[in-house]
> 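Quick one: structure below, then a few questions.
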Amino acid sequence: MIRKAVAVAGILFILYTLLIVIRPGWSASQNDRQENIIKAQRFVYDDSDTLRDVIVGSSLACHLAMDSLPGMYNLSFAGLSIFDGLRILEHRKNPPRRVFVEMNVVLKEEDKGFAASLFSPIPFYARKMLSSLRSDKQPIVLLGNSLLSFVKKSRRGPAKSPEQRDADEGRPAPEKSAGNPGSLFQKMLALQEADYAKDPDPEFLEERFRALSQYVSRLERRGVTVVFFEMPVNDRLCGLPGATVVRQSFSRSFPADKYRYIPSPPCSGFHTTDGVHLDGEEAARYTHYFREQRAER
Amino acid sequence: MLFNSFIFVGLVLVTLALYYTPVLAKFQVPVLIAASLVFYSYNQPVLLLVLLLSVSINIVSSYYVVYGDPRRRKLSAVLGVALNLGVLCFFKYSPLFARTFFKPTDSVGEFLMSIPLPIGISFFTFQGISLVVDVYTGKYFSAREVVRASFVSHAVRVLFFKSFFPQLVSGPIVKAHDFMPQVGPKRFADIDWTACFKSLVTGYFLKMVVADNLKEFTFWIAYPYFQKRSTLTLIAMLFGFSCQIFADFAGYSLIAIGLARLFGYRFRDNFNFPYISTSFREFWKRWHISLSSFLMEYLYIPLGGNRKGKVRTYVNLMATMFLGGLWHGAAWSYAVWGTAHGAALAVERFVKDTFTVRGNAVTRVLGGVTVFSFVSFAWLLFKLPNFGHVIEYVKSMAANISLPNSKPAIAYVILYSLPVVVYHGMHLLGGTAISRAVRRMEYAVYGTLLFLILVNSGSPGAFIYFQF
């Protein structure tokens, strides 16, 4: 029984690998975490020298409209920090010309398990050789994606409402429709305010900036230009210690006369879904601004 | 060290090689002890001392029950059980004690909050209690057969029993009377490879493909994010969480059973298709069997069981389940969970004692739906320790009918929960033509499971029951 079972597994795997080779465009993800892994794997396995600019950040920078930023790779990860992106960047043989580093979530530590699972030797080389082992080629996910597309096509009707798009992608309703005090937006903003109101621990802050300085130095030694940028957040958070102390620490560790920054637009000009994440329209608007500023750096 | 990590696989292979090497045949038990201590100390080396402390308590108390002063047998046994519980309470429940009775800024409270939680303490403590009690009662074996006269030999056997790595950190809670008589030389030729293979493949599939993928969707059963999800999405996520917790825990148990079998040791099944249960009593005979049987044998029956009248029976049920709930975690939400199950058992017993209910297909289906729904809602207390958030979740389920459904989340929850449904369904279809057809092609089934483990595993996550 065991031999037959292993043989069946082997045959299925060979057939599936051939199918993926024939259809290299087949790709799907099922949730944010898998999207992170797929993004990281694509970056790591496609080590060509065509990449000019890379963005490293958190879920805030994930919302940038990358269609409007050709030649850039967004190595921002939902639920993770800039250190995860920086760690992955270091493994790249051909470094990019510029790296844009998000300033907002600098206090979040690296998820060592994320990089460890990405670069664990046996799976790393196995996935490099066999794309059928990569996270965007999982058969159940591809099947699920196909079923959802089929259902979508068979129900031809009006285009998805913004609320339906948000629901499908797991986002709460945008700020504009969530003004009342008991709304989910207000609850989430209150949670963020409580977090931002705390003074960061000075020792921890210093340790984070020391780590960031080391990454930046190593990148610069490889000829990479580092540019810092801050994603706009809700006006009520902008002036709180969680934001101001971080800005001051950046000024101290990376003075503006030696390092490049994309100037932060006023927070009051942008709407968010939960206090920190820009909604679709606002993200597009900020991306437009980012693109113009990028050209000058 | 996770079961689904390369380092663990390496440890198992090296241990297997040493274990069955003929020149090391006399050292099989020490080889397993060494591997188990490496396994346990991998992430928390200092906390190995707690395991060794617990083992020491059991070595000494069980030895003195048998070879100590006969007038002090009971005292030795009581002390053994009390010290086991003392260690468990200190390391596991100090933070709960601190949160309940002290202010956050209080120095005593701060100290109690800082006490680390050794992984697996709930499991190996209960195992130790079973050893002391079994040796004292002599119910299953003659104590001197199991407790060797040589203190050193006895110490080695107890260390092995408690630290054996397949069941060390997340069960099954192996009882002394099941395990100790098995300790002895094992031969490579006696390995039941097919049974091991089936257990391991099913276990790894449930854990890596079902549970590890479902967790990415049930992650959103978190306050306040669930408040903006539609009723159907919330129901799907709750259903998914029920399947996830089963797949995670049953998967782990199957892996543990398969691994133990590789070394010649047989553990009892820990899950027997629990979601087909049509009564709460049946559910607790199918879910986490090693815990429920432990609670029955070492708590419920000593409290009087059902021998002291109806009211006392209901009280004993509630008390046993209250403590069983608290065993799961140092938070009052777990006690509430246990109490809820105790109440369900008590009410069911009352109805059975008071009314004559004719069992037929309709009552069985209704019973099954009731039990599954109750159990699933109760799992919310595991996911949302704040009871207020549980209420909010239920309110959102009732109120959010008009919100748009999250189709991808619902679709993937259904897809990944399907194996759990099929697993239970195949058991229900046992003996039918479909079941016989599947059995003939079981190599194809296991081959497919192996293939999916290779290409469709979720991101690695700790087993849910590690936190207990």
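Here the structure is a predicted model, which is why all the values come from computation and not from measurement.
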> Would you say the side chain of A:R3 lies within less than 4.5 Å of the side chain of B:Y443, judging by non-hydrogen atoms?
no
> Counting C-beta onward and ignoring hydrogens, is there a side-chain heavy-atom pair between A:Q34 and B:S459 closer than 4.5 Å?
no
> Under 4.5 Å, heavy atom to heavy atom: which of residues 141-149 of chain A reach chain B? Give them by number, or say none.
A:V141, A:L143, A:G144, A:N145, A:L148
> Taking B:N456 for the side chain and A:I140 for the main chain, is one N or O donor matched with an acceptor at less than 3.5 Å?
yes
> Does A:Q30 use its side chain to pair, donor to acceptor, with the backbone of B:Y412 at less than 3.5 Å?
no
> If I measure from the heavy atoms of chain A, does B:S457 come under 4.5 Å with its side chain, its backbone, both, or neither?
backbone
> When rounded to the nearest 0.5 angstrom, what distance separates CD1 in A:I2 from OG1 in B:T194?
4.5 Å
> Determine, step by step, whether A:K4 and B:Y446 satisfy the side-chain contact (heavy atoms from CB on, under 4.5 Å) criterion, reporting the C-alpha distance in whole Å, the side-chain angles of both residues, the deciding distance to 0.1 Å, and the verdict.
CA-CA 9 Å; A:K4 278 197 218 171; B:Y446 284 102; over 6 Å; no
> If you count heavy atoms of other groups shown closer than 6.0 angstrom to OH of B:Y42, is the number above 12?
no
> Measuring from atom CG of B:D212 to atom CZ of A:R33, what distance do you get when rounded to the nearest 0.5 angstrom?
9.5 Å
> Under a 4.5 Å heavy-atom cut-off, does chain A meet the side chain of B:V209, its backbone, both or neither?
side chain
> Just grab all the ring pair (Phe, Tyr, Trp, His ring centres under 6.0 Å) pairs involving residues 386-408 of chain B, residues at least two apart or on different chains.
B:Y223-B:H389, B:F226-B:Y393
> What part of B:L415 gets closer than 4.5 Å to chain A, counting heavy atoms only: side chain, backbone, both or neither?
side chain
> Would a 4.5 Å heavy-atom cut-off, applied to side chains only, mark B:K407 and A:K152 as touching?
no
> Of all of B:F219, B:W193, B:F197, which one pairs up most often with chain A through heavy atoms under 4.5 Å apart?
B:F197
> With chain B as the partner chain, list the residues of residues 109-130 of chain A whose heavy atoms fall under 4.5 Å from it, by residue number, and write 'none' if nothing qualifies.
A:S120, A:I122, A:P123
> What residues of residues 6-20 of chain A sit under 4.5 Å from chain B when you count only heavy atoms?
A:V6, A:V8, A:A9, A:L12, A:F13, A:Y16
> Is B:L452 close to chain A through its backbone or its side chain, or both, or neither, when contacts mean heavy atoms under 4.5 Å?
side chain
